[in-house]
Chemist: 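The structure that follows is given in the form of structure tokens.
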Amino acid sequence: MQIDVLPDADAVAREAATLIAAEARAAVRARGRFLLAVSGGRTPWLMLRALAGEPVPWPETHLVQVDERVAPEGDPDRNFTHIRESLLTSVPLRAEHVHAMPVEAPDLEAAAEGYARLLQEVAGSPPVLDLVHLGLGPDGHTASLVPGDPVQDVADTDVALTGVYQGRRRMTLTYPAINRARRILWLVTGAEKAGPLVRLRAADASIPAGRVRQEQALALADREAASGLGSN
């Protein structure tokens, strides 16, 4: 896995936006559409604001979520709340191409199954996303694949539910969906990510992030997060 080190979180966000826009243009030229999956976190909101200013073929772009907290519409805990504020209010992305995870549904298991079917409709069977953006938690989690949760072992569906983590249940893409992506883009910022980034680079399967395939993966890290990598 390639790791590019940039000065700070703002630089990481800008570089990520430039890269996503280039991937979008290439995907549309090659296949007529671009399928982007976005995770949550502060640096991604900066990235999405920067992406709004990039030359992206928005009419051919579909946006899906990597994961989402089970919370009401508009709740600040919801990743989609920030996606709307950071990106959707600023770009001509078609409403029918924005696919929020249905975490307000009364039957969450059925909702997860429905989202998996939706992915097949927009990305083929099995679904292949063009670019999946991931973050890295201080505990080594990514998406909502968290240490000790049985969701890590789900292999027969692309979307699953977690137990309670940091006060909320979540809906998440599973490893099969993530590992099928044409490109994986990690955004890793902050000193608390230094240890997990070393373990990610080593493909340490004892942390959830270490089980994500590293072919076609790029990590953009700020200097603080990359402080444990040495000169290699």
Side-chain angles (χ1 to χ4, degrees), residues 35-42 44-45 48 62-88 96-181 184-187 196 200 204-213:
L35 309 173
L36 170 65
V38 179
S39 299
R42 177 184 172 275
W45 312 149
L48 292 177
H62 285 256
L63 186 145
V64 303
Q65 289 189 267
V66 171
D67 63 332
E68 182 61 281
R69 295 172 180 87
V70 176
E73 181 179 1
D75 192 292
D77 276 356
R78 287 277 296 273
N79 291 335
F80 192 76
T81 301
H82 299 280
I83 291 171
R84 181 187 292 117
E85 294 171 352
S86 300
L87 181 69
L88 300 183
E96 65 269 25
H97 288 184
V98 178
H99 308 290
M101 283 184 160
V103 294
E104 299 159 54
D107 186 338
L108 289 172
E109 294 286 353
E113 293 172 3
Y115 202 74
R117 289 193 299 271
L118 182 146
L119 290 179
Q120 292 182 356
E121 292 170 7
V122 300
S125 183
V128 179
L129 298 166
D130 290 308
L131 189 146
V132 172
H133 150 250
L134 295 175
L136 178 64
D139 59 358
H141 85 268
T142 191
S144 284
L145 302 166
V146 301
D149 195 304
V151 73
Q152 292 184 85
D153 299 320
V154 173
D156 59 351
T157 184
D158 287 338
V159 184
L161 295 166
T162 73
V164 176
Y165 177 71
Q166 295 180 347
R168 298 279 192 186
R169 292 194 75 191
R170 289 124 187 275
M171 189 177 291
T172 186
L173 298 186
T174 59
Y175 287 115
I178 293 169
N179 285 333
R180 234 182 271 123
I184 292 171
L185 177 64
W186 297 87
L187 269 60
L200 173 62
D204 180 351
S206 69
I207 61 170
R211 295 170 60 178
V212 174
R213 74 178 182 91

Chemist: Return all side-chain donor-acceptor pairs below 3.5 angstrom for residues 76-83, not counting sequence neighbours, or 'none' if the list is empty.
Modeler:
unit_1: D77; atom_1: OD2; unit_2: R168; atom_2: NE; d: 3.0
unit_1: D77; atom_1: OD2; unit_2: R168; atom_2: NH2; d: 3.2
unit_1: R78; atom_1: NE; unit_2: E68; atom_2: OE2; d: 3.2
unit_1: R78; atom_1: NH1; unit_2: A71; atom_2: O; d: 2.8
unit_1: R78; atom_1: NH1; unit_2: P72; atom_2: O; d: 3.4
unit_1: R78; atom_1: NH1; unit_2: E104; atom_2: OE2; d: 3.1
unit_1: N79; atom_1: OD1; unit_2: R69; atom_2: NH1; d: 3.2
unit_1: N79; atom_1: ND2; unit_2: D67; atom_2: O; d: 3.0
unit_1: T81; atom_1: OG1; unit_2: D75; atom_2: O; d: 2.8
unit_1: H82; atom_1: NE2; unit_2: P76; atom_2: O; d: 2.9

Chemist: If you look only at pairs with a residue in residues 131-155, which of them pass as a salt bridge (Lys or Arg N to Asp or Glu O under 4.0 Å), with sequence neighbours excluded?
Modeler: D153-R211

Chemist: Pairs of donor and acceptor atoms involving the side chains of residues 116-125, under 3.5 Å and at least two apart or interchain, shall be tabulated with distances.
Modeler:
none

Chemist: Nearest 0.5 angstrom please: L145 CG to Y175 OH, how far?
Modeler: 4.5 Å

Chemist: Looking at residues at least two apart in the chain, or sitting in another chain, which of them share a ring-ring contact (aromatic ring centres under 6.0 Å, His included) with H141?
Modeler: Y165

Chemist: Hey, could you give me the OG1/CD distance between T157 and E113, rounded to the nearest 0.5 Å?
Modeler: 7.0 Å

Chemist: Rounded to the nearest 0.5 Å, how far apart are CG of L35 and CG of D130?
Modeler: 4.5 Å

Chemist: If the condition is side chain to side chain donor-acceptor pair (under 3.5 Å), which residues does D158 pass it with, not counting sequence neighbours?
Modeler: R180

Chemist: Determine, step by step, whether H133 and V66 satisfy the side chain to side chain contact (heavy atoms under 4.5 Å, CB included) criterion, reporting the C-alpha distance in whole Å, the side-chain angles of both residues, the deciding distance to 0.1 Å, and the verdict.
Modeler: CA-CA 8 Å; H133 150 250; V66 171; 5.7 Å; no

Chemist: Nearest 0.5 Å, please: how far is CG in L173 from OG in S39?
Modeler: 8.0 Å

Chemist: When rounded to the nearest 0.5 angstrom, what distance separates CG in L161 from CZ in R169?
Modeler: 5.0 Å

Chemist: Can you see which heavy atom on L136 is nearest to which on A209, and at what distance?
Modeler: CD1-CB, 3.5 Å

Chemist: Looking at residues at least two apart in the chain, or sitting in another chain, which of them share a ring-ring contact (aromatic ring centres under 6.0 Å, His included) with H62?
Modeler: H97, H99

Chemist: Measuring from T172:OG1 to Q65:CD, what's the distance to the nearest 0.5 Å?
Modeler: 10.5 Å

